Protein chains: 2
Amino acid sequence: MKKADKHKKILAAAIHVFGEKGFYNARISDIAKEAKVADGTIYLYFNNKHDILLTLFEEEIGKLIVQIKGAIAEEKDPRKMLKIFAHNHMKLVIEKKELAEVLQMELRQSSAPIKQYRNTSFADYINIISDIIHMGQEIKVFRSNLMPGVIKRAFFGALDEMSRLWILAPDNTYSMTECAEQITNIFLHGIVPAESH
Amino acid sequence: MKKADKHKKILAAAIHVFGEKGFYNARISDIAKEAKVADGTIYLYFNNKHDILLTLFEEEIGKLIVQIKGAIAEEKDPRKMLKIFAHNHMKLVIEKKELAEVLQMELRQSSAPIKQYRNTSFADYINIISDIIHMGQEIKVFRSNLMPGVIKRAFFGALDEMSRLWILAPDNTYSMTECAEQITNIFLHGIVPAESH
DNA sequence: TACTAAAATGAATGGTTATTCATTATTTAG
DNA sequence: CTAAATAATGAATAACCATTCATTTTAGTA
């Protein structure tokens with residue numbers, strides 16, 4: 001097995017174990033067992049336990065950004081782009097449930113190295129939203145008195161909190177597709193009926 | 001000092017220490033030092049480290065619920081109630097920064113005892129939102145094709161994600177008052193201008 | 001004040017686990 | 001095929017820290 005493959009294998013195992021038990025309750029030996037390598041082998045590929053988590057953030061969020069940017073690229077209408085973003089986000093949560101769990105749990109930790117990733121990969125991810133908002137404001141399909149920096153966090157936060165429900169109880173009455181639809185609808189048109197605006 | 005006072009003192013210290021270092025990096029001796037008691041004393045008031053966290057959830061979220069319900073009680077218009085909720089939530093984050101940090105970090109952990117609190121105190125808190133939505137749908141000031149169970153999570157998630165920015169960097173350009181205002185506005189009226197609905 | 005019960009103390013214990021490194025296995029090259 | 005070099009192993013190490021409990025201090029009472 002090539003070096004890069006083992007690197008991947010260990011990261012995949014880490015996603016599984018961190019997702020299941022959380023970073024602090026996960027043992028290196030759990031990850032080693034899951035990856036079918038010896039405990040010591042992990043230290044040939046990563047400096048320490050934290051390094052595994054940070055590498056995971058960097059590499060996996062990077063992939064998500066590429067994925068979601070690709071999905072949006074063909075669309076020109078910012079309103080539809082927002083909808084595509086929402087659906088894609090939910091799709092990723094479902095397809096990569098364990099990764100989603102790790103990100104939801106560990107990206108909230110406010111230790112110094114985590115803060116760093118809030119400022120790089122993760123920021124890039126939610127800046128996709130503010131780019132869409134900007135675009136919409138330029139061509140006047142979005143109100144320009146709303147701050148993109150607020151909207152991006154609000155929209156992401158809404159999707160994220162909703163997806164948490166599915167992660168905690170996947171057999172839920174709400175389908176994530178329906179949720180993505182409703183959340184986009186709320187953000188675009190509000191919960192107040194059109195005639196009363 | 002009365003028993004109840006020492007209980008409070010230890011909990012206050014725990015909020016401080018958990019908020020600063022996170023639950024897993026916090027040592028019992030840190031909490032003891034902060035509360036100015038001996039390590040062993042903590043075990044006269046709490047069963048173990050986890051028990052401190054759970055007690056903290058239960059008691060503190062309980063207070064928040066009372067506080068925010070009081071703030072809303074006088075208002076009849078669900079649109080305004082939503083606004084009051086948002087402002088109050090942000091106010092609580094600012095006034096109880098350390099508690100907010102603990103809740104944001106630890107309520108995301110998906111270990112069994114945490115899941116329990118997602119289902120009790122915390123659920124009560126965000127159900128305040130869905131109650132408002134229901135009310136608004138009854139009197140037709142809110143669209144009834146949107147699910148309260150989705151809106152409550154979306155609204156809370158939006159506020160929560162926005163407040164995280166302030167917690168990580170309190171000297172921020174966005175005022176939390178302005179954010180509460182904008183988020184409520186987005187949820188009520190959408191980001192699309194009124195004429196294009 | 002003296003005695004007893006309750007509360008508080010903090011050093012010692014014991015379990016846990018990230019990390020290391022001497023040893024073994026595998027790969028590469030001549 | 002043989003010998004170096006490279007990679008992998010997993011038992012041993014070395015903290016670390018939650019929890020306990022024998023001892024001391026404080027509070028209550030008569």
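Bear in mind that the values here come from a model prediction, so they are computed numbers and not experimental data. Side chains are part of it too, since the values below use all heavy atoms of this structure and drop only hydrogens, waters and symmetry mates.
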Query raised in the report: Using 4.0 Å as the upper bound for N to carboxylate O, is an ion pair formed by B/E181 and B/K83?
Result: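 Yes, charged N to carboxylate O under 4.0 Å.
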Report task. Answer yes or no: is there an ion pair linking B/K69 with B/D131, defined by an N-O contact shorter than 4.0 Å? Result ->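 No, no charged N to carboxylate O under 4.0 Å.
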Query raised in the report: Which letters describe nucleotides 9-19 of chain C, given B = protein heavy atom under 4.0 Å from base, S = only from sugar-phosphate, - = neither?
Result: BB------SSB
Give the rounded distance in Å between these two atoms: [atom1] of [X] and [atom2] of [N].
X	N	atom1	atom2	result
B/D5	C/dA7	CG	C1'	15 Å
A/F46	C/dT20	CZ	C1'	18 Å
B/I10	C/dA8	CD1	C1'	11 Å

Query raised in the report: Taking only residues two or more places apart in sequence or in another chain, which ones pass side chain to side chain donor-acceptor pair (under 3.5 Å) with A/Q182?
Result: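 Checked A/Q182 against side chain to side chain donor-acceptor pair (under 3.5 Å); matches are A/E178.
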Query raised in the report: What residues form a side chain to side chain donor-acceptor pair (under 3.5 Å) with A/K21, not counting sequence neighbours?
Result: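 Scan of A/K21 (side chain to side chain donor-acceptor pair (under 3.5 Å), adjacent residues dropped) gives A/D30.
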Query raised in the report: Counting N and O atoms only, with roles assigned by atom type, does the side chain of B/D160 sit under 3.5 Å from a partner on the main chain of B/F156, one being a donor and the other an acceptor?
Result: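 Such a contact is absent between B/D160 side chain and B/F156 backbone.
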Report task. Would you please indicate if the ring centroids of A/H134 and A/F142 are separated by under 6.0 Å? Result ->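 That pair fails the under 6.0 Å test.
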Query raised in the report: For C/dA7, does either OP1 or OP2 sit under 4.0 Å from a side-chain N or O belonging to B/Y45?
Result: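 For C/dA7, OP1/OP2 do not have a side-chain N/O of B/Y45 under 4.0 Å.
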